[in-house]
**Q** 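Here it is: the structure, laid out below.
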2 protein chains.
Amino acid sequence: MTEATTGVTRNTRQRAEVLALLREVEGFHSAQQLHQMLVHRKARVGLTTVYRTLQMLVDTGELDSTRLPGGEQLYRRCSQSRHHHHLVCRECGRTVEVAGPAVERWADQVASQHGFTDVGHTLEVFGTCGTCAA
Amino acid sequence: MTEATTGVTRNTRQRAEVLALLREVEGFHSAQQLHQMLVHRKARVGLTTVYRTLQMLVDTGELDSTRLPGGEQLYRRCSQSRHHHHLVCRECGRTVEVAGPAVERWADQVASQHGFTDVGHTLEVFGTCGTCAA
DNA sequence: CCGCCCATCGAAAGCCATTGTCACTAAGCG
DNA sequence: CGCTTAGTGACAATGGCTTTCGATGGGCGG
């Protein structure tokens, strides 16, 4: 367990490479995809490190992540924008970002009503988009 | 892929066993858990068949399913009760079922605003319950 | 009532994203 | 410049799920 360490975080080349890549790409990508990109640009970074770095960035809130139905996790550089959810098309995978302040409030409220603290939530909306329905 | 077959669906002992089990248990269970239960009650059903049957039932809308953060898929017999969500304790796993009509409406509304139809959603709320927080 | 065809089974092998292991490397303090 | 220790990465392992393919048996035609 990450005990209350000294909080030391070293600046490593690998970390910089991952961050640099994330700054260049748009939208969601899987850890594996990102690792492939790094390999292509000859940045020697191990897959394990990519996973660790991404995980770390998600924990510190610098990255946003979703999970595909199938278990694969996707990451993207943190929303200039605030917290939001995804509306995903079952057919083509098209994704729309939607904000739902009401939902956030509802979740917090319901949780505290039951004595829960440190509340978080997962919310994904699925459907068939107009194009695919036609 | 299940092509437009003749629609033939045989009644097999295995299928009946799975259905019978589902009628007895409450709430969500993973395919593996259900398979274990079947083994315990000496119902000879293969894991593969459990997966296939569950998948089939989800497709025909007779089962409801969610996915845990981690990729594991859970199934439950289609809501005799109305639709609801789960408030889960991160520490002890205690689960409270909560209804959120507002959320349902919000999801449908947001989806249709973006031209999506046949809308569904996943929502799980996580937190630390009062007992564990103490 | 009997046979046959094909839907269904299921054990084992495969798949694949992710996590664990552990010896090795290098960041940065003194 | 050493030394401590965070960080790295090749490889193995995990685990849920899917595929494979020969065996089984449901149920209809005869």
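Small disclaimer: the values here were computed from a predicted structure and weren't measured. Heavy-atom basis, side chains included; hydrogens, waters and symmetry copies ignored.
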**Q** In whole Å, what is the span from the NE2 atom of B:H35 to the C1' atom of D:dG16?
**A** 14 Å
**Q** Nearest to the side chain of B:Y51, which nucleotide is it out of D:dG27, D:dG16, C:dT18?
**A**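 It is D:dG16.
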**Q** Once you round it to whole Å, what is the distance between P of D:dG16 and CD of B:Q36?
**A**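 Answer to the nearest Å: 11 Å.
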**Q** I need the CZ-P distance between B:R10 and D:dC28, as an integer number of Å.
**A**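 Rounded to the whole Å, the gap is 9 Å.
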**Q** Quick one: side-chain contact (heavy atoms from CB on, under 4.5 Å) partners of B:T117, sequence neighbours excluded?
**A** A:T128, A:A133
**Q** Mind calculating the distance between NE2 (B:H29) and P (D:dG16) to the nearest angstrom?
**A** 16 Å
**Q** Check whether any side-chain heavy atom of B:V125 sits under 4.5 Å from a side-chain heavy atom of A:V119, and report yes or no.
**A** yes
**Q** How many Å lie between CG on A:L19 and P on D:dG7, as a whole number?
**A** 14 Å
**Q** Output all residues satisfying ring pair (Phe, Tyr, Trp, His ring centres under 6.0 Å) with A:H29, sequence neighbours left out; order by chain, then residue number.
**A**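 For A:H29 there are no ring pair (Phe, Tyr, Trp, His ring centres under 6.0 Å) partners, ignoring immediate neighbours.
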**Q** Under 3.5 Å, side chain of A:S112 to main-chain N/O of A:D108, donor-acceptor pair present?
**A** yes
**Q** Please answer whether the main-chain N or O of B:S30 pairs with a side-chain N or O of B:Q33 as donor and acceptor at a distance below 3.5 Å.
**A** yes
**Q** Round to a whole Å and report the spacing from CD of B:Q33 to P of D:dG15.
**A**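 Going from B:Q33 (CD) to D:dG15 (P), I get 14 Å.
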**Q** Could you say whether B:N11 or B:Q55 is positioned toward the 5' end of DNA chain D, judged by the nucleotide with the nearest heavy atom to each?
**A** B:Q55
**Q** Whole Å only: how far is the CE atom of B:M56 from the P atom of C:dA7?
**A**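 Value for this atom pair: 14 Å.
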**Q** Between the protein and nucleotides 8-10 of chain D, are there any N/O to N/O pairs under 3.5 Å, and if so, what are the atom names and distances?
**A**
unit_1: D:dT8; atom_1: OP1; unit_2: A:T12; atom_2: OG1; d: 2.7
unit_1: D:dT8; atom_1: OP2; unit_2: A:R15; atom_2: NH1; d: 3.3
unit_1: D:dT8; atom_1: O3'; unit_2: A:Q14; atom_2: NE2; d: 2.9
unit_1: D:dG9; atom_1: OP1; unit_2: A:Q14; atom_2: NE2; d: 3.0
unit_1: D:dG9; atom_1: OP1; unit_2: A:R44; atom_2: O; d: 3.2
unit_1: D:dG9; atom_1: OP2; unit_2: A:G46; atom_2: N; d: 3.0
unit_1: D:dG9; atom_1: OP2; unit_2: A:T49; atom_2: OG1; d: 2.7
unit_1: D:dG9; atom_1: N7; unit_2: A:R52; atom_2: NH2; d: 2.7
unit_1: D:dG9; atom_1: O6; unit_2: A:R52; atom_2: NH1; d: 3.4
unit_1: D:dA10; atom_1: N6; unit_2: A:T48; atom_2: OG1; d: 3.2

**Q** Just do the ring-ring contact (aromatic ring centres under 6.0 Å, His included) check on A:F28 and A:H86 with the steps written out, would you?
**A** CA-CA 12 Å; A:F28 284 103; A:H86 296 109; 5.1 Å; yes
